[in-house]
Amino acid sequence: MQAYPILQTKLYIPPIRPGLVARPRLIERLNAGLRRKLTLVSAPAGFGKTTLVSEWVAGCERLTAWLSLDEGDNDPTRFLAYLVAALQTIAAGIGEGVLGVLQSPQPPPIESILTALLNEITAVPDDFVLVLDDYHVIDAKPVDKALTFLLEHLPPQMHLVIATREDPNIPLARY
């Protein structure tokens, strides 16, 4: 039993639409960004961020976990539950212990939970991408802190992509 029921459609990579205008220069830049921890795709509404990233991951040779965020993900427990669910799409069973801890009446600090999750991620044998789409809906400092902790300790086989309408409240200059 999970703390929150998981809406599976939040974990689907949006399909590429017919008639897509190819953007090879932007795809090249996304590929070049794989050498770093974080790729930030930031633009106003309607500029095709989600379309670009879904096109890129369709052609990318890495496993991809996708999470489409909504306002409810400002709850750190729910955010972490969905983060684990997204990761489980590429590594079944990862984070099961984390989900158990999230259900406890007084869960430990988020850093402790993320430490356990990061340790499990280090065992994933393949390079992979985690996409957090629509990050602009997040305005909770605890979620921003969790994301910062994740980035500071990101295992080398993991690359994070954030698609958003505005820059997230994390120390971007570090990444």
Side-chain angles (χ1 to χ4, degrees), residues 1-16 34 37-41 49-51 53-58 60-165 168-170:
M1 182 175 150
Q2 294 179 347
Y4 291 93
I6 299 296
L7 179 60
Q8 292 297 317
T9 54
K10 288 177 49 114
L11 309 177
Y12 292 174
I13 298 171
I16 298 173
L34 285 171
K37 290 182 174 190
L38 172 67
T39 297
L40 178 66
V41 180
K49 299 172 293 297
T50 299
T51 302
V53 176
S54 65
E55 176 191 4
W56 173 64
V57 299
C60 184
E61 296 181 2
R62 292 190 182 195
L63 296 171
T64 301
W66 187 285
L67 174 54
S68 296
L69 298 165
D70 61 42
E71 290 81 6
D73 297 316
N74 279 294
D75 175 339
T77 302
R78 178 177 152 157
F79 175 80
L80 290 174
Y82 269 104
L83 181 68
V84 168
L87 292 170
Q88 287 178 342
T89 65
I90 60 166
I94 196 167
E96 288 295 331
V98 168
L99 291 176
V101 168
L102 288 174
Q103 295 176 56
S104 65
Q106 291 188 325
I110 287 179
E111 277 112 17
S112 299
I113 295 169
L114 284 172
T115 297
L117 182 60
L118 285 162
N119 288 338
E120 289 187 47
I121 291 170
T122 62
V124 174
D126 301 311
D127 288 347
F128 70 94
V129 174
L130 170 64
V131 177
L132 299 178
D133 192 22
D134 293 330
Y135 196 84
H136 56 272
V137 301
I138 301 298
D139 58 11
K141 288 193 186 313
V143 174
D144 291 333
K145 273 185 66 175
L147 184 63
T148 300
F149 185 86
L150 183 71
L151 275 165
E152 287 174 352
H153 304 285
L154 207 64
Q157 71 269 42
M158 182 175 172
H159 180 77
L160 182 65
V161 176
I162 298 174
T164 181
R165 293 179 187 170
N169 291 318
I170 60 174

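Keep in mind it's a predicted model, so treat the numbers as computed, not measured.
Of all non-hydrogen atoms in Ile162 and Pro168, the two that sit nearest each other are CD1-CG, 4.4 Å. Considering all non-hydrogen atoms of both residues, Leu102 and Pro107 come closest at O-CG, 4.3 Å. Taking both residues in full, the closest heavy atoms of Leu154 and Leu160 are given as CD2-N, 4.2 Å, listed atom of the first, atom of the second, then distance. Heavy-atom minimum distance, Val101 versus Pro108: CG1-CD, 3.1 Å. Across every non-hydrogen atom of Asp73 and Ser68, the tightest pair is OD2-O, 4.2 Å. When all heavy atoms of Leu114 and Ala146 are compared, the pair lying nearest together is CD1-O, 3.3 Å.
The backbone N or O of Leu7 sits less than 3.5 Å from a side-chain atom of Tyr82, completing a donor-acceptor pair. Put simply, the side chain of Lys37 gets close to the backbone of Leu151: a donor and an acceptor are under 3.5 Å apart. A donor-acceptor pair is defined here as one N or O able to donate and one able to accept, closer than 3.5 Å; such a pair exists between the side chain of Asn74 and the backbone of Val137.
Here the straight-line distance linking atom CG of Leu69 with atom OG1 of Thr164 works out to 9.0 Å at 0.5 Å rounding. In this structure, Leu87 CG and Leu67 CG are separated by 9.0 Å, a value rounded to the nearest 0.5 Å. With values rounded to the nearest 0.5 angstrom, Ile13 atom CD1 is found 13.5 Å from Glu55 atom CD. In this structure, the separation between CG on Leu118 and CD1 on Ile121 is 5.0 Å, given to the nearest 0.5 Å. For the atom pair CE of Met158 and CG of Leu38, the computed distance is 10.5 Å after rounding to the nearest 0.5 Å. For the atom pair NZ (Lys145) and CD1 (Ile170), the distance works out to 14.5 Å, reported to the nearest 0.5 Å.
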* **Intermediate values then yes/no, side-chain contact (heavy atoms from CB on, under 4.5 Å), Thr148 and Glu152** => CA-CA 6 Å; Thr148 300; Glu152 287 174 352; 3.5 Å; yes
* Please lay out, stage by stage, how Ile6 and Leu11 fare under the test side-chain contact (heavy atoms from CB on, under 4.5 Å). => CA-CA 9 Å; Ile6 299 296; Leu11 309 177; 4.0 Å; yes
* Decide yes or no on side-chain contact (heavy atoms from CB on, under 4.5 Å) for Leu99 and Gln88, but give the supporting numbers first. => CA-CA 11 Å; Leu99 291 176; Gln88 287 178 342; 3.9 Å; yes
* **Criterion side-chain contact (heavy atoms from CB on, under 4.5 Å) on Leu132 and Leu147, from CA distance to verdict** => CA-CA 10 Å; Leu132 299 178; Leu147 184 63; 3.8 Å; yes
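Sorted by first and then second residue, the pairs that involve residues 126-153 and meet ring pair (Phe, Tyr, Trp, His ring centres under 6.0 Å), not counting sequence neighbours, are Phe149-His153.
Applying the side-chain hydrogen bond (donor to acceptor under 3.5 Å, both in side chains) rule to Asn169 yields no partners; only residues at least two apart in sequence or on another chain are considered. In terms of the side-chain contact (heavy atoms from CB on, under 4.5 Å) criterion, residue partners of Asp127 (sequence neighbours excluded) are, by chain and number, Arg62, Gln157.
Within the 4.5 Å cutoff, the side chain of Pro14 has no heavy atoms near those of the Thr51 side chain. Side-chain contact check for Cys60 versus Leu34: some heavy-atom pair is nearer than 4.5 Å. Using a 4.5 Å heavy-atom threshold, the side chains of Asp133 and Val53 count as separate.
Taking 4.0 Å as the cut-off between side-chain N and carboxylate O, Lys10 and Asp134 do not count as a salt-bridged pair.
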